[in-house]
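All remarks here apply to the structure that follows.
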Amino acid sequence: MTGERSLLHSVLRNSLALTVGRVLVGLARLVIAAIIVRQAGATTFAEYALLLGILAIAEWLNDFGTNEIAVREICRPGGDAAHWLRLVALGKLLQAPLAMLGLMGVLLLLQYPPHIVQAGAWAACSLLFMAGVGVYRVVFKSTLTMELEMVAEVTSVLLSLPLIAWALHQQGGLSALMACHVASRALFLLLCHLLAWRRCRFTWRGPWRQPMKELYRLAAPIGLIGFLVALYEALDLIFLSKLGQTMDLAWYSAAQRIVWPVLLLLAAIGNTMYPVLSRYWPADPARFARACQVALEAVLFVAGGTAAVTFAGAPFWMGLLGPQLADGAAVMRILALLVFVKAVAATLGPALYVVNAQRQVLGFITRALLVKALLIGLLVGPFGYLGVAAAAVTVELLFAAVPTVRLLRKTSSWRGEWDMPLRIAAVMVLSAGLAHTMGDGGGLVSAVLAAVLYLLLSLAFGVVSRPRIAALLATRRP
């Protein structure tokens, strides 16, 4: 009883910390985007967003699933934390240089201009610091102290704001912006060390060849999946940068930045659920299924409200980053729908790793990547950034969300109850449509009206009610 309550307290603390922290990080990145657009122009912002998108692929190579395997094994009864931390740290010594080479190889292969390649060299340096952060991340996740990691990340991002503003004031270009990113990542690592060094105890000595082979054997499916997912997410910007116009890339990147806080929040909830689900499966299938269902409904509720507000006030949100971006409101509305669709895979995806369905996930992610590349390639020419956005929503729904649901139903005790998710979707559509029709044509009034309507309709449709809240609280009891 006491142990269960302690676990509950840790989960709630981490959920709250990750929720607040991810939102703060997302908002800080929005401010960074606005600073760049207003001081350096839409073109520099588009190039900056492109580099960060490609950098995300390299950052996953820096991880390659080893963190998830280490957390899973440490959280299981009898897990040897020192052993797995040593293996992860040894792995980073190999993965970080390979990730740096991979980043530069992509930039050169795609024949980007010299100033982008030069800025990419700066960006590559951040991978060294993120390798160190990865080791401490295992500690934070396995001990359910992820709020400490969020403190470190939020602090490092917030302190980068004045640094970026100063760099642009000094007429710094894209390379200066990437140097600021490197400085932020270095601070992130330093703060992680200060907050976790007492719990990050391991020795470098000991056998490593066979244990490392075992780690990479276990991590290979997750690592390959993560790499494909990172590539899947970056395809939009890569195709636009090569086949679209500069303003297409700027509009699309700006819309992504606006929905980013919510996407980070969805990822945070999934990360919080991973160690919890690892404890429940396979020992308690009923509790595993209940946790999956509650998490899905909670995340869809948050995503639905965000999508409605974003859709109704799209011109207002885009205009916040810079007046020249307000004309891209149409893509903002399409990506608002993407937020709701992504909520499914973001919440249930981590559960697939817990039930060891990595190889099946690899199959449908590969198909999703290939179909998305084909569809974007067909639509980017005639329809530009709107075609790319439409392709992203379509592929996410049919080749990511649906396969995730089907696979989890097949491999676990979760069966899925769809009455509440369908109610949430109906409330989202109604509130967004009514606010768009009754408001001020996409301004702040429309956005606020969408939020009010969403809450009222949620009450009317039974999405939010006393019995529902009681049921949610009941899932947390031993």
Side-chain angles (χ1 to χ4, degrees), residues 14 17-36 39-40 44-45 48-49 51-63 67 85 88-89 92-93 95-97 99-100 103 118-141 143 145-170 172-200 257 260-261 264-265 267-268 271:
N14 278 266
L18 286 172
T19 299
V20 174
R22 290 302 182 192
V23 170
L24 287 176
V25 168
L27 292 176
R29 288 174 176 172
L30 268 179
V31 174
I32 290 173
I35 292 173
I36 296 173
Q39 292 193 20
T44 299
F45 166 70
Y48 174 79
L51 272 178
L52 290 185
I54 299 175
L55 180 62
I57 303 175
E59 286 185 345
W60 186 257
L61 289 175
N62 221 359
D63 182 303
N67 283 23
L85 283 172
V88 170
K92 301 303 180 191
L93 297 178
Q95 291 166 236
M100 296 173 71
L103 173 62
Q118 181 181 2
W122 277 102
C125 297
S126 69
L127 295 168
L128 295 173
F129 300 109
M130 288 306 295
V133 170
V135 178
Y136 290 110
R137 186 167 285 158
V138 173
V139 176
F140 293 132
K141 283 187 176 183
T143 58
T145 54
M146 286 174 278
E147 73 276 9
L148 297 179
E149 181 187 347
M150 286 314 310
V151 169
E153 184 172 6
V154 169
T155 302
S156 65
V157 173
L158 291 178
L159 290 179
S160 71
L161 291 173
L163 184 61
I164 288 174
W166 176 81
L168 292 177
H169 181 71
Q170 297 297 318
L174 189 60
S175 291
L177 290 174
M178 287 297 107
C180 293
H181 180 75
V182 173
S184 175
R185 292 310 200 187
L187 178 60
F188 188 12
L189 173 58
L190 175 62
L191 293 175
C192 285
H193 172 73
L194 294 176
L195 293 170
W197 69 272
R198 293 182 184 277
R199 290 185 295 275
C200 189
R257 286 297 183 279
W260 208 346
L264 289 174
L265 172 59
N271 287 336

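Legend: residues meeting side chain to side chain contact (heavy atoms under 4.5 Å, CB included) with Q95, ordered by chain and number and at least two apart, are N62, F64, T66, K92, Y216. With sequence neighbours excluded, the residues satisfying side chain to side chain contact (heavy atoms under 4.5 Å, CB included) with L30 are L27, R257, I258, P261, L321. Judged as a side chain to side chain contact (heavy atoms under 4.5 Å, CB included), and not counting sequence neighbours, the contacts of A28 are V157, L158.
Between L61 and A99, the shortest heavy-atom contact is CB-CB, 4.0 Å. Looking at every heavy atom in both residues, A96 comes nearest to L128 through CB-CD2, 4.2 Å. Scanning all heavy atoms of the two residues, the minimum distance from V151 to T155 falls at O-OG1, 2.7 Å. Pairing each heavy atom of M130 with each of F188, the nearest pair is SD-CD2, 4.0 Å. Taking every heavy atom of both residues into account, G120 and L103 meet most closely at O-CD2, 3.6 Å. Listed here is the closest heavy atom pair of L85 and V135: CD2-O, 3.8 Å.
Of the inter-residue distances, the one linking Y136 atom OH with L194 atom CG reads 8.5 Å to the nearest 0.5 angstrom. The SG atom of C180 sits 8.0 Å away from atom CH2 of W166, with the distance rounded to the nearest 0.5 Å. Here the straight-line distance linking atom CD of E153 with atom SG of C192 works out to 8.5 Å at 0.5 Å rounding. Rounding to the nearest 0.5 Å gives a distance of 5.5 Å between CD of E147 and OG1 of T145. Distance check: E149 CD to F140 CZ gives 6.0 Å after rounding to the nearest 0.5 Å. In this structure, CG in L148 is found 7.5 Å from OG1 in T143, a value given to the nearest 0.5 Å.
L168 is not listed as a side-chain neighbour of T44, based on a closest heavy-atom distance of 4.5 Å or more. The closest side-chain heavy-atom distance from L127 to R185 is not below 4.5 Å. In this structure, the side chains of H181 and L55 come closer than 4.5 Å at one or more pairs of heavy atoms.
Side-chain atoms of N67 come within 3.5 Å of backbone atoms of G134 as a donor-acceptor pair (strictly under, hydrogens ignored).
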